There are 2 protein chains.
Amino acid sequence: MVSIRDVASRANVSIGTVSKYLNTPHRVAPDTKKRIGKAIKDLGYMRNEAARQLRAGESKTLAFVALELNNPFFGDVADAMERRAAQNGLFLFIVSSNGSPEREGQYIEMFAQQRVYGVILASGMTRQRELDLLFTRRIPTVLVDAYGKTDRFSSTSVDDFLGAERAVTHLIEQGCRSIAFIGGEVQIHQIAERLRGARAAVDAHSGVRLTIIPTVERSVRAGLAAGEHLLSKGRQDLPDGIFAANDSLAIGIMQAISAGSDIRIPEDIAVVGYDDIDFAASAAVPLSTVRRPREVFGRSAVDLVRDQAESAEPLPVRSIVIQPELIVRQSSRRT
Amino acid sequence: MVSIRDVASRANVSIGTVSKYLNTPHRVAPDTKKRIGKAIKDLGYMRNEAARQLRAGESKTLAFVALELNNPFFGDVADAMERRAAQNGLFLFIVSSNGSPEREGQYIEMFAQQRVYGVILASGMTRQRELDLLFTRRIPTVLVDAYGKTDRFSSTSVDDFLGAERAVTHLIEQGCRSIAFIGGEVQIHQIAERLRGARAAVDAHSGVRLTIIPTVERSVRAGLAAGEHLLSKGRQDLPDGIFAANDSLAIGIMQAISAGSDIRIPEDIAVVGYDDIDFAASAAVPLSTVRRPREVFGRSAVDLVRDQAESAEPLPVRSIVIQPELIVRQSSRRT
DNA sequence: CATCAACTGTGATACGTTTCACCGCATGCA
DNA sequence: TGCATGCGGTGAAACGTATCACAGTTGATG
């Protein structure tokens, strides 16, 4: 493997000069510059990033830990972050925790070991252990959608409690009295918030019941399975309103219902999802949902990290909270 | 920042012993082990990955370059890769080229500088420059969906030519005579293949026309725009069959058609997409499509990289070609 | 009792950079 | 001429780890 040393000797200069060429080229004489450039090309030299990092101690790599990538919502957010990162001269590494806190922990540890530029956490299930790690190491960290979870990190989030409350209140206004919350994995912070909001809405109206149906994943497939499970019950046990933890789930459930029964949406069961992914509007029955702005989300998370990283002294914690918007479509419109 | 040196002195051992503790703990006496462990905990020591890499020269990080993450297909593939990587004790870093070959080039260069374990390329638009780079540096590299593009790298791919040919032949059998191919960004290898397949099918039948409609992105939104553009033409200029470059596009187009006209799908226009993402089956009109197995895809790409990386001598190039499957649903079923 | 192997721990070296104090030299100015 | 200034280049010292030959100790074996 060819190193800076080889380049130096081939160009008849010292190692220091080659390094200068690499980092502050304007401080190298034109003639020398040419020689070094040629040597690099001839040898096919490529800087060893590990060595650079070790010595310089800084990195331009921003890490984004997503909960799962099969949800298009995260894909869109990731793409938005990538654009913003590029504008700031940063690189964005995305990892998927695939729903496992242990795995996420491994990744965070690796990022800490790499001394990355910063970390954006959107898994909603980061363990205290890793949060402590990031905090004590002073690694610029931003939490996505963990509103109120911590006073140590900056965050961007949508007020999921409010969003869920609005969604369920809407269902109740449409006449629903038995509401099922699907996707109740309370490990995940966002989901827990949505459940809390749903319950608040239900509690505010007498005569309304809330049932919780957990799922393993939050994919279309999981929604299908949940829907089929639901249908296997007696007709009288069915809810008349469904609030799903995200759109993928909702779409899966609606598909199961329309394929496996003559139950009508929204007349017999009204459905509301969460996120407003692009596929929500084009579902068999266009899906009512709670919109979370993806572009803003991604952009502001990157900005928050950058501000922290570029600032000399520690910045005060900042929390950006975005209001969610209820989008009513056919799947819940009864009037 | 606390280093291995601090740990050593606090535990009253040499640096070498601490390193041994970190890498081959079974060669350290239980008593010493305890002392070192305590010192590490007390000091909050964390290994510096850059230094480790510099010295050891090896990494456990696999890089996946995706074309775009807003397409759920890539998200699913990425999740599948992540699972396989975890099984092999590897880390998976995902990056999105966001449709820009320059940006992709930057990432590849950075991966080469980092001496990553391996690289999986799925952008379909990797430049020759970067391919050469990876090849000469002997970085284990696998191409996804670049069947026949190179004889230097192993690859997993779906035969997109065949898939497209089948899709369009199916449209013709359903009576379509004027077919539009939507998403014609020929820069991207996969898309170019699909276009080639579509043309082959059209050429094999007399009296059938093929129109190409390019789009900037390949998202639902882009499909909506393309659909609206289509509708703005006179009714007699409309195609009677649409083959979209992917499902997101197809779903967007169908949505535009059903919202902005009384044109019926499939009676007036039959539509076929590509990928069979989970949302295809649950679209307003369930979407016919060409299925690409996502799980197998992700898994085998990781395996190919691993085989190369673990092998002492260079392995012969291997190409895994998967047959695509045409899934006929309502959007193209006229009989 | 001598020998040998297994087991622990040591210290020096190397990995490929960046950085920084320093030096020689030419230039401009009084 | 004397002196400050700035430019272009040098060489050595880190950065934090892994590795490896080697040494000391112990227990078993013949």
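Chain letters run A, B, ... following the sequence lines, proteins first, then strands; residues in each count from 1. Here the structure is a predicted model, which means the values were calculated and not measured. Computed over heavy atoms, backbone and side chain alike; hydrogens, waters and symmetry mates excluded.
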(request) Please lay out, stage by stage, how B:Gln308 and B:Tyr117 fare under the test side chain to side chain donor-acceptor pair (under 3.5 Å). (result) CA-CA 10 Å; B:Gln308 264 178 267; B:Tyr117 181 88; over 6 Å; no

(request) Please find out if less than 6.0 Å separates the ring center of A:Phe93 from that of B:Phe111. (result) yes

(message) Does C:dG9 have its OP1 or OP2 closer than 4.0 Å to a side-chain nitrogen or oxygen of B:Ser14?
(response) no

(request) Rounded off to whole Å, could you give me the CE-to-P distance for the A:Met1 and C:dT17 pair? (result) 10 Å

(message) At a heavy-atom distance below 4.0 Å, what parts of residues 3-11 of chain B sit against DNA chain D?
(response) B:Ser3, B:Ile4, B:Arg5

(message) Could you check whether A:Asp31 pairs with A:Arg35 (Lys NZ or Arg NE/NH1/NH2 to Asp/Glu carboxylate O, under 4.0 Å)?
(response) yes

(request) List in numerical order all residues of residues 32-61 of chain A for which some heavy atom is under 4.0 Å away from an atom belonging to DNA chain D. (result) A:Thr32, A:Leu54, A:Arg55

(message) Quick check on C:dT18: is either OP1 or OP2 less than 4.0 Å from any side-chain nitrogen or oxygen of A:Ser19?
(response) yes

(message) Show, in sequence, the C-alpha distance, side-chain angles and deciding distance for B:Asp307 and B:Ser311, and conclude whether the side chain to side chain donor-acceptor pair (under 3.5 Å) test is met.
(response) CA-CA 6 Å; B:Asp307 292 350; B:Ser311 152; over 6 Å; no

(request) Would you mind reading off the distance between A:Arg27 atom CZ and C:dT19 atom P, rounded to a whole angstrom? (result) 12 Å

(message) Assess whether a salt bridge exists between B:Lys38 and B:Asp42, defined as any Lys/Arg side-chain N lying under 4.0 Å from an Asp/Glu carboxylate O.
(response) yes

(request) Please tell me if the side chains of B:Arg47 and B:Val18 come closer than 4.5 Å, counting only heavy atoms from C-beta onward. (result) no

(message) Among A:Glu109, A:Glu104, A:Arg103, exactly one meets side chain to side chain contact (heavy atoms under 4.5 Å, CB included) together with A:Tyr107. Which residue is that?
(response) A:Arg103

(request) Could you tell me, to 10°, how much the axis swings from one end of the helix from C:dC1-D:dG30 to C:dA30-D:dT1 to the other, five pairs per end? (result) 40°

(message) Please determine whether any donor N or O and acceptor N or O are separated by less than 3.5 Å between the side chain of B:Lys20 and the base of C:dG9.
(response) yes

(message) Can you tell me how far apart OG1 (A:Thr61) and CZ (A:Phe91) are? Round to the nearest 0.5 Å.
(response) 7.0 Å

